[in-house]
Amino acid sequence: MRLTILGGGGFRVPLVYGALLGDHAEGRVTRVTLHDLDAGRLAAVARVLAEQAEGIPDAPQVTVTTDLDEALTGADFVFSAIRVGGLAGRAADEREALAEGVLGQETVGAGGIAYGLRTVPVAVDIAQRVARLAPDAWVINFTNPAGLVTEAMSRHLGDRVIGICDSPVGLGRRIARVLGGDPDKAWIDYVGLNHLGWVRGLSIDGRDELPRLLGDAALLESFEEGKLFGAEWLQSLGMIPNEYLHYYYFNREAVSAYQGVVQTRGAFLHDQQSRFYEEMKDPAAPALATWDRTRAEREATYMAENREVAGVGERDACDLESGGYEQVALSLMRAIARNERTTLILNVRNRTTLSALDSDAVIEVPCLVDAGGAHPVSVAPLPDHATGLVCSVKAVEREVMAAAESASRATAVKAFALHPLVDSVTVARRLVDRYTREHPGLAYLNRK
């Protein structure tokens, strides 16, 4: 079975390959094609993968290419993890938004909109190429903003594109562990949009244990999300939010904290990863050890500003574990390719799952996965405050897609202005001016 990874020179690709190395079953991935526009980054990552594969006789063969059509032709699965504009683009997104006093995070608020406006046209082109060159392939999308990009691609690929994210899985695993359950056997009642969802129940051995957690303030504040939001707020919500909702519930504090840092997250990652790729130009550099060291620093500093706002200090060692997006991707491929039925939290078309949204809206929800793809599980309605937020952000995503399709500056302004973390037409206009000056990838937006 052949897997193509778009963004194959990306820093997190070794996580995916490491997961593949542990799969020895019949029908496993035997060939991995890495595609990237940057040949130097491809060469660096290929070196890391070669060291990972040492001593493993059945390791998947790795090939690299900068030709997109070549990469897609004949693929069984396409894993999309591209970053249009690179980390320099992310740093600019953050910087320009903060200059206007609004959040510039990669997937949330003004930064997420700017990133989406750059990415949607590229993602749509990829989807159209997949439909033409590999019509039987399944696309697994990790490209951010993951829900928005998955929905844009689904207009050309239907249910054959599925979005993944490690945040919900990581949250569920942390809750299960705190409650004394096996994270691999717990049922997580989670629903929302990508980076905008809530755990509303968590069943261990058929019993919902979330009420027990919500009733114990000390237990609530013993893990990452409990520390971020505080027991009192979580008890008021009656749910456990995805960590990205900290940007909504504590927006002013988050913006203030980000404005006070010497270096934004995007700028930090840009500098850090630039050092990694520079080090990898030395043929004598130990590729895997260099990558491991860089990754450990990356994970330890994740959402540092938000933890500063909450006054909770550094992340605990047990909270450094993500949901393991590479394991989610592998489980998804196994379920489809081998009909190994499983349940995963995924980004898929709504159908009739959330009545407040139409059938084509991509949501993040538990799905039953088999050879026919991912099938969303029916869920109860969200409370009104959460429904309102979901509908508001989904409307913004739709405006982003419309702006990308029409190349309309006015529609781009509308997308920014309608976002609850911008909520100003004047600021929206200035943001569009800033971003179109900063990013060549947004030159398509006209001035009408």
Side-chain angles (χ1 to χ4, degrees), residues 1 3 19 23 25-29 76-80 136-142 146-147 150-151 153-154 157-173 175-176 181-210 239-240 242 323-382 390:
M1 189 165 67
L3 169 66
D23 184 17
E26 185 177 351
R28 69 188 184 279
V29 171
D76 297 297
F77 286 90
V78 177
F79 186 82
S80 179
D136 295 327
W138 290 85
V139 176
I140 301 173
N141 178 61
F142 190 70
T150 300
E151 184 167 332
M153 297 181 83
S154 74
L157 296 171
D159 293 328
R160 296 190 79 86
V161 58
I162 300 168
I164 66 171
C165 181
D166 51 358
S167 291
V169 182
L171 170 58
R173 293 182 69 86
I175 294 174
D182 182 346
D184 294 321
K185 296 179 180 178
W187 168 264
I188 307 166
D189 177 7
Y190 181 95
V191 65
L193 306 179
N194 181 241
H195 291 180
L196 190 79
W198 298 262
V199 171
R200 303 182 304 175
L202 191 138
S203 296
I204 299 172
D205 296 327
R207 177 184 174 88
D208 184 5
E209 296 289 351
L210 193 64
M239 306 184 290
I240 311 296
N242 183 294
Y325 86 96
E326 68 281 1
Q327 293 298 335
V328 177
L330 181 60
S331 296
L332 179 56
M333 285 191 290
R334 282 174 171 169
I336 293 174
R338 308 175 197 167
N339 201 28
E340 292 182 4
R341 299 183 181 185
T342 190
T343 302
L344 299 168
I345 298 173
L346 301 167
N347 287 266
V348 296
R349 292 200 288 187
N350 177 48
R351 296 185 174 94
T352 60
T353 310
L354 283 179
S355 60
L357 298 176
D358 62 70
S359 61
D360 292 331
V362 166
I363 62 172
E364 195 166 71
V365 67
C367 297
L368 301 176
V369 190
D370 57 23
H375 316 283
V377 175
S378 178
V379 297
L382 282 164
V390 164

Derivation of the side-chain contact (heavy atoms from CB on, under 4.5 Å) call for Trp187 and Leu202: CA-CA 6 Å; Trp187 168 264; Leu202 191 138; over 6 Å; no

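- One finds the CH2 atom of Trp198 at 6.0 Å from the CG atom of Leu382 (value rounded to the nearest 0.5 Å).
- Using a 4.5 Å cut-off on side-chain heavy atoms (C-beta onward), Ile164 and Asn347 make no contact.
- A salt bridge does not link Arg28 to Glu26: none of the charged nitrogens lies less than 4.0 Å from a carboxylate oxygen.
- Minimum heavy-atom separation, Gly147 to Asn194: N-CB, 3.6 Å.
- For Arg160 (side chain) and Ala137 (main-chain N/O), a donor-acceptor pair under 3.5 Å exists by modelled atom type.
- Of all heavy-atom pairs spanning Phe79 and Ala329, the tightest one is CE1-CB, 3.8 Å.
- In terms of modelled atom types and a separation under 3.5 Å, the side chain of Asn350 and the main chain of Asp358 share a donor-acceptor contact.
- With Glu151 contributing its side chain and Val362 its backbone, the two residues share a donor-acceptor pair below 3.5 Å.
- In this structure Asp159 satisfies the salt bridge (charged side-chain N to carboxylate O under 4.0 Å, His left out) test together with Arg349, Arg351, sequence neighbours excluded.
- If you take CG on Asn242 and CD1 on Ile345, they are separated by 10.0 Å, rounding to the nearest 0.5 Å.
- Taken to the nearest 0.5 Å, the CD1 atom of Ile336 stands 11.5 Å off from the OG1 atom of Thr342.
- A 4.5 Å side-chain heavy-atom check between Val191 and Glu364 finds every atom pair outside the cut-off.
- Looking at Asp76 and Trp138, their side chains never come closer than 4.5 Å, going by heavy atoms from C-beta outward.
- The shortest distance between side-chain heavy atoms of His375 and Val369 does not fall below 4.5 Å.
- With a 4.5 Å cut-off on side-chain heavy atoms, Val379 and Leu354 count as touching.
- When all heavy atoms of Ile204 and Gly181 are compared, the closest pair comes out as CD1-CA, 3.7 Å.
- Val365 has its side chain out of reach of Leu346: every pair of non-hydrogen atoms, C-beta onward, lies at least 4.5 Å apart.
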task: Take Arg200 and Asp189 through the salt bridge (Lys or Arg N to Asp or Glu O under 4.0 Å) test and state the conclusion after the steps.
output: CA-CA 6 Å; Arg200 303 182 304 175; Asp189 177 7; 3.5 Å; yes

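- The two residues Val348 and Cys367 make their nearest non-hydrogen contact at CG2-SG, 3.6 Å.
- Thr150 and Asn141 are linked by a side-chain donor-acceptor pair at a separation below 3.5 angstrom, with hydrogens and angles left out of the test.
- Summarising the geometry, atom CD1 belonging to Ile363 is positioned 8.0 Å from atom CG belonging to Leu193; distances are rounded to the nearest 0.5 Å.
- For Tyr190, there are no ring-ring contact (aromatic ring centres under 6.0 Å, His included) partners, not counting sequence neighbours.
- A 4.5 Å side-chain heavy-atom check between Val328 and Glu326 finds every atom pair outside the cut-off.
- Between Leu330 and Ala19, the closest heavy-atom pair is CD2-O, 3.4 Å.
- In this structure, Asp182 CG and Asp184 CG are separated by 5.0 Å, a value rounded to the nearest 0.5 Å.
- Using a 4.5 Å cut-off on side-chain heavy atoms (C-beta onward), Ser154 and Val161 make contact.
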message: Test side-chain contact (heavy atoms from CB on, under 4.5 Å) on Val139 and Met153; report intermediate values, then the result.
response: CA-CA 9 Å; Val139 176; Met153 297 181 83; 4.0 Å; yes

- prompt: Are Thr353 and Val377 close enough, and set up right, to give a side-chain contact (heavy atoms from CB on, under 4.5 Å), and what steps lead you there?
  reply: CA-CA 7 Å; Thr353 310; Val377 175; over 6 Å; no

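- Taking CD of Glu209 as the reference point, atom CD1 of Ile175 lies at 12.0 Å (rounded to 0.5 Å).
- Minimum interatomic distance between Arg338 and Ala25 (heavy atoms only, all atoms of both residues): NH1-CB, 3.4 Å.
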